[in-house]
Amino acid sequence: MCICYNRNRMNGIPETLRRHLESVLRGQGDPGPLRSVRPLGGGCINNAMRVETDAGVYLLKWNPDPLPGMFAAEARGLQLLAETGTVHVPAVYAFSEPQDGLPAMILLEWLEGPPNIQSMARLGEKLAELHRSGRSPNAAYGLDRDNYLGSTPQVNGWETDWPRFFARCRLVPQMELARRNGRLPPARARLLERLIGRLDALLGGVERRPALIHGDLWGGNVIPGPDGLALIDPAVSYSDREAEIAYTHLFGGFTREFYQAYRATWPLEPGFEDRIDLYNLYHLLNHLNLFGEGYGADVDRVLRRYAG
């Protein structure tokens, strides 16, 4: 649901936020003042604005009633990705929780650039480099804190076994949420429980290790930047890289050159194509929980394939 906040606005944002933003920018070496604040379309969780001063352009996201810790989780994810020196992500300048009439906010680097025919291939290379270089700090799957997949809480924690992590931290929370939402009829529940019980066999026998993944890599989270394509709105974790590549297949938008470049940089394990739908069950369940029964048929199709 898109959240709007209309009281006490100046230049499209609340006055308290405007003052805070100008203070943050001064701390970043931008003396201001704000010259324009323009709403952006496309987001449905937070307000998004293009902010311009005489010295620069920025992306501001803000929310008077945010999901707890959402902007901190976004900042943490972007920082982890940036530290690998592989994929391009926007720099994080500041973020804060709501306090004393000030809405929560995150201020990011503004990225834009021309489309480039080589960009998708380059992204494939850089994503493979991310997966190869983004090593888990303790050789386990997960993360040191929970975060969000869209507006859905994403459970993390640490687990040394990948099938167990995928069950405990990915499929089981979605199953429990679907049950609370009334979207888990008995037949669907039986198949999902059966599939979770088979994950060792379905995901076993593959050489794998934890890799840092973006976690929500669909076409809408890839944007043109000055140095090629950049990634936004992560849901990071140390997971199996197959889960990342599988999700790029779900809604399209990634070219043959992207996949060729990824595989040329770091080939995928044999049998990956047979596991794509299994990994994407997590995202289909999330969409079922967020948007309703329109995704039920796809969930049921995957369940019948692996647990029928």
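Worth saying up front: this structure is predicted, and the values here are computed from it rather than measured.
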Any non-hydrogen side-chain atom of [X] less than 4.5 Å from a side-chain atom of [Y]?
X	Y	answer
M70	N46	yes
L229	F258	no
V24	L107	yes
V299	R183	no
D30	D54	no
R76	N147	no
P103	T16	yes
E242	I245	no

Could you tell me whether [X] and [Y] make a salt bridge, using a distance below 4.0 angstrom between a side-chain N and a carboxylate O?
X	Y	result
E269	R275	no
R188	E293	yes
E176	R168	no
R122	D227	no
R50	E52	yes
D277	R301	yes

Just do the side chain to side chain donor-acceptor pair (under 3.5 Å) check on N289 and Q174 with the steps written out, would you? CA-CA 8 Å; N289 281 314; Q174 291 288 345; 2.8 Å; yes
Can you check side-chain contact (heavy atoms from CB on, under 4.5 Å) on L171 and M175, steps first, answer last? CA-CA 6 Å; L171 296 186; M175 178 176 68; over 6 Å; no
Checking the side chain of [X] only, and the main-chain atoms of [Y] only, is there a donor and an acceptor separated by less than 3.5 Å?
X	Y	value
E109	V92	no
R170	V155	yes
D144	G157	no
D161	R164	yes
N221	P234	no
R241	A211	no
D240	P210	no
S119	G228	no
Y262	E257	no
R208	G205	no

Cluster overlap [X] with [Y], hydrophobic side-chain contacts below 4.5 Å:
X	Y	result
L195	L284	yes
V87	L108	yes
L81	F95	yes
I213	F272	no
Y259	L217	yes

Identify the two heavy atoms, one from [X] and one from [Y], that lie closest to each other, and give their separation to 0.1 Å.
X	Y	value
D216	G150	OD2-N, 4.2 Å
T53	L25	CG2-CD1, 3.9 Å
D200	P163	OD1-CB, 3.4 Å
N63	D65	OD1-N, 2.9 Å
R305	D274	NH2-O, 3.5 Å
L78	L231	CD2-O, 4.3 Å

Hey, can you tell me if F166 and Y279 have their rings parallel, tilted or perpendicular (30° and 60° cut-offs)? perpendicular
Say whether N156 and S237, considering side chains only, have a donor N or O and an acceptor N or O under 3.5 Å apart. no
Can a side-chain donor-acceptor contact be found between H131 and E244 if the only test is distance below 3.5 angstrom? yes
Rounded to the nearest 0.5 Å, what's the gap from [atom1] on [X] to [atom2] on [Y]? Could you check?
X	Y	atom1	atom2	result
R179	L192	CZ	CG	8.5 Å
T265	L130	OG1	CG	12.0 Å
S151	L290	OG	CG	4.5 Å
L111	L59	CG	CG	8.5 Å
R198	I196	CZ	CD1	12.5 Å
L177	L285	CG	CG	9.5 Å

Taking the six-membered ring for Trp and the full ring for Phe, Tyr or His, determine whether the centres of Y58 and W110 are under 6.0 Å apart. no
Compute the centroid of each ring, for F254 and then for H249, and state whether the two points are separated by less than 6.0 Å. no
With side-chain contact (heavy atoms from CB on, under 4.5 Å) as the test, would you mind laying out the steps for M49 and R38 before giving the verdict? CA-CA 5 Å; M49 304 280 185; R38 190 177 74 210; over 6 Å; no
Determine, step by step, whether E22 and R19 satisfy the salt bridge (Lys or Arg N to Asp or Glu O under 4.0 Å) criterion, reporting the C-alpha distance in whole Å, the side-chain angles of both residues, the deciding distance to 0.1 Å, and the verdict. CA-CA 5 Å; E22 290 186 333; R19 292 196 301 266; over 6 Å; no
Evaluate L80 against H214 for side-chain contact (heavy atoms from CB on, under 4.5 Å), listing each step before the verdict. CA-CA 10 Å; L80 284 172; H214 175 280; over 6 Å; no
Given the rule in the side-chain contact (heavy atoms from CB on, under 4.5 Å) test, do F165 and W158 qualify, once you have shown the distances and angles that lead to the verdict? CA-CA 8 Å; F165 175 84; W158 295 109; over 6 Å; no
Test log, rule salt bridge (Lys or Arg N to Asp or Glu O under 4.0 Å), inputs E129 and R132: CA-CA 5 Å; E129 292 172 8; R132 192 158 51 191; 5.6 Å; no
Report the C-alpha distance between E193 and R190 in whole Å, list the side-chain angles of each, state the deciding distance to 0.1 Å, and finish with yes or no for salt bridge (Lys or Arg N to Asp or Glu O under 4.0 Å). CA-CA 5 Å; E193 289 166 358; R190 285 193 298 271; over 6 Å; no
Give me the one residue out of F251, Y282, W218, Y247 that meets ring-ring contact (aromatic ring centres under 6.0 Å, His included) with H287. F251
Surrounding CZ of R135 (heavy atoms of other residues, nucleotides or ligands, distance under 6.0 Å), is the total greater than 12? no
